[in-house]
Amino acid sequence: MASKTRTALVIGGGIAGPVCAMALRQAGIEATVHEAHHRTADGVGGGLGIAPNGLDALDVVGVGHLVRPIGIPTTGIVLQDWAGKRLGEFGNPPGVPPTQFVWRTDLYRTLYDEATRRGVRIEHGKRLVGVREAPEAVTAQFADGTTAGADILIGADGIRSTVRTLIDPAAPGPRYAGLISFGARVHHPGVPATRGKMNMSFGKQAFIGYQVFDDSSAVWFVNLPHPEPMTTAEAQRTSAEQWLALLQRKFTQDRTPAGRLIAATDPADLVIAGPMENMPKVPAWSRGRMVLVGDSAHAPSSSSGQGASLSVESAVQLARCLRDLPHDQAFAAYEQLRRPRVERIIDETTRKNSNKAAGPVGRVVNNVLMRVVTRLVRPEKAAWMFDHRIDWDAPVSPADHRDPARAA
């Protein structure tokens with residue numbers, strides 16, 4: 001049997017990277033995080049949801065208690081049409097705690113600080129450009145001319161993963177969903193609190209989700225149909241003031257609080273997130289001593305509310321597999337544990353995005369379907385997504401020789 005993994009290079013210092021490094025340390029594996037950016041990501045990004053399954057995975061590595069205090073519960077989702085008419089509501093499955101809304105900068109800082117407190121080394125300015133593989137090790141090559149070696153290399157470097165292309169040069173890239181995404185924190189929206197509910201409105205020209213908190217602050221996000229792909233850099237060349245003016249015009253015909261929320265937004269608080277994207281199925285999650293985790297392997301769009309949670313789950317499961325198995329068997333077991341679940345969630349999210357980009361006729365049909373679906377769908381049917389727990393103490397057995405992609 002091959003020797004057990006002792007050291008790991010984690011490429012990417014966002015959300016999945018520090019969690020992966022902490023989980024690896026818990027499994028007895030020394031991990032160093034290498035981040036391309038020269039600075040920390042404080043103040044970067046908008047809000048996101050940590051679903052109950054994500055919090056459970058964070059509990060496995062002992063950081064759930066640090067994340068819960070920075071979150072605000074979202075107890076349900078209320079669907080509305082352009083006129084503010086209620087189409088239906090989705091609550092939490094019975095016995096499942098609510099999703100926690102968190103500001104990405106708060107989550108990032110919490111995980112970063114805890115990882116460094118535990119002795120995880122996070123090196124900045126280390127943009128990966130290549131690897132050298134040997135039978136017993138892998139060496140990362142960085143743009144600054146430095147190198148680093150370890151038993152394995154883990155790509156936690158996001159939807160445009162360099163590690164993914166090193167594993168498979170023919171690997172697919174992200175797929176545009178036909179929507180440009182924006183979001184903002186609003187300090188004084190002048191809109192009543194939504195009592196723990198996230199309201200989502202299929203407007204005449206765009207989709208908006210918003211939650212007004214009990215302290216009178218609010219968050220909103222808009223998915224704007226845009227037929228031609230636009231990169232984040234291209235979107236950010238237009239000023240925040242211009243985008244806010246355009247977004248206000250898109251909601252002038254709607255009888256929801258969208259216009260007021262956008263009007264109350266300070267341009268400095270606007271997050272121009274850029275294109276909403278899904279990752280097609282990634283054929284190869286690993287090769288040799290390299291493996292993918294989080295968005296580099298599976299990236300549902302933000303519509304799923306599961307992106308960060310799935311990344312955390314995968315980081316923990318990968319560490320658990322590496323704890324018990326040689327790296328080649330561990331990578332196979334990890335993929336078999338994760339691929340069916342994440343691809344099922346991605347498939348469901350793709351259908352949601354097609355509804356948001358619907359035209360006038362499609363919007364009417366969609367509203368009718370929403371009313372029917374919300375009456376028929378029972379919350380307990382979604383429990384499989386949220387009530388997912390990782391048994392860290394259970395030993396991982398060697399994977400059989402089935403193709404994980406076919407097993408999905």
Side-chain angles (χ1 to χ4, degrees), residues 41 43-49 77-85 87 101 103-105 174 176-194 197-213 215-277 301-303 352-364 366-367:
V44 175
L48 55 88
I77 295 174
V78 177
L79 301 178
Q80 303 172 328
D81 64 11
W82 67 273
K85 186 173 181 180
L87 300 175
F101 173 86
W103 297 107
R104 189 187 187 282
T105 185
Y176 180 52
L179 300 158
I180 304 293
S181 186
F182 306 85
R185 183 195 309 233
V186 186
H187 299 285
H188 304 288
V191 175
T194 55
K197 305 292 178 66
M198 177 70 74
N199 289 356
M200 297 188 175
S201 173
F202 296 88
K204 283 195 169 185
Q205 298 187 66
F207 175 92
I208 187 168
Y210 62 92
Q211 184 169 346
V212 183
F213 306 115
D215 65 358
S216 297
S217 68
V219 61
W220 61 260
F221 65 91
V222 166
N223 301 146
L224 177 68
H226 195 279
E228 296 299 321
M230 176 183 285
T231 67
T232 301
E234 289 170 340
Q236 290 175 348
R237 291 188 194 119
T238 299
S239 71
E241 290 83 358
Q242 289 173 298
W243 276 124
L244 287 171
L246 172 63
L247 294 177
Q248 274 196 277
R249 291 196 297 272
K250 294 295 182 181
F251 290 100
T252 53
Q253 299 180 59
D254 293 3
R255 297 199 291 269
T256 68
R260 281 183 287 164
L261 288 166
I262 294 169
T265 301
D266 186 331
D269 292 327
L270 181 68
V271 176
I272 304 170
M276 289 188 67
E277 297 170 315
S301 79
S302 57
S303 298
K352 290 181 184 179
N353 284 341
S354 65
N355 292 335
K356 292 178 181 180
V361 175
R363 185 177 64 250
V364 173
N366 179 57
N367 287 351

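Leu270 and Trp243 make their closest contact through CD2-CB, 4.0 Å (heavy atoms, listed as atom of the first residue, atom of the second, distance). The shortest non-hydrogen separation linking Arg249 to Gln205 is O-NE2, 4.0 Å. Residues Ala240 and Pro267 approach most closely at CB-O, 3.4 Å, considering heavy atoms. Here the closest non-hydrogen pair linking Ala263 and Gln248 is CB-NE2, 3.3 Å. Residue Val212 comes nearest to Pro192 through the heavy atom pair CB-O, 3.4 Å, listed as atom of the first residue, atom of the second, then distance. Here the closest non-hydrogen pair linking Met230 and Ile180 is CB-CD1, 3.8 Å.
Although no hydrogens or angles enter the test, the distance criterion places a donor-acceptor pair under 3.5 Å between the side chain of Thr232 and the main chain of Ala273.
Considering CD of Gln80 and OH of Tyr210, their distance stands at 4.0 Å, rounded to 0.5 Å. Put simply, CD on Glu234 and CD1 on Ile272 are 13.0 Å apart, with the number rounded to the nearest 0.5 Å. Rounded to the nearest 0.5 Å, atoms CZ (Phe101) and CD (Gln211) are 7.5 Å apart. The OG1 atom of Thr231 sits 10.5 Å away from atom OH of Tyr176, with the distance rounded to the nearest 0.5 Å. Between atom CG of residue Asp266 and atom NE2 of residue His187 there is a gap of 7.0 Å, rounded to the nearest 0.5 Å. Here Phe251 contributes atom CZ and Arg260 contributes atom CZ; the two are 14.0 Å apart, rounded to the nearest 0.5 Å.
Residues forming a side chain to side chain donor-acceptor pair (under 3.5 Å) with Ser217 (at least two apart in sequence, or on another chain): Asp215.
For the pair Val191 and Trp220, the minimum side-chain heavy-atom distance is 4.5 Å or more. Inter-residue side-chain proximity for Asp81 and Ser201 is flagged as unmet; no heavy-atom pair is nearer than 4.5 Å.
The 12-atom threshold is not exceeded at CD of Glu228, counting heavy atoms of other residues, nucleotides or ligands nearer than 6.0 Å.
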**OP:** Go through the steps for Leu179 and Phe207 under the test side-chain contact (heavy atoms from CB on, under 4.5 Å), then give the verdict.
**Re:** CA-CA 10 Å; Leu179 300 158; Phe207 175 92; over 6 Å; no
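For the pairing with Phe182, the side chain to side chain contact (heavy atoms under 4.5 Å, CB included) check across Ile262, Val271, Thr265, Leu224 returns one residue only, Leu224.
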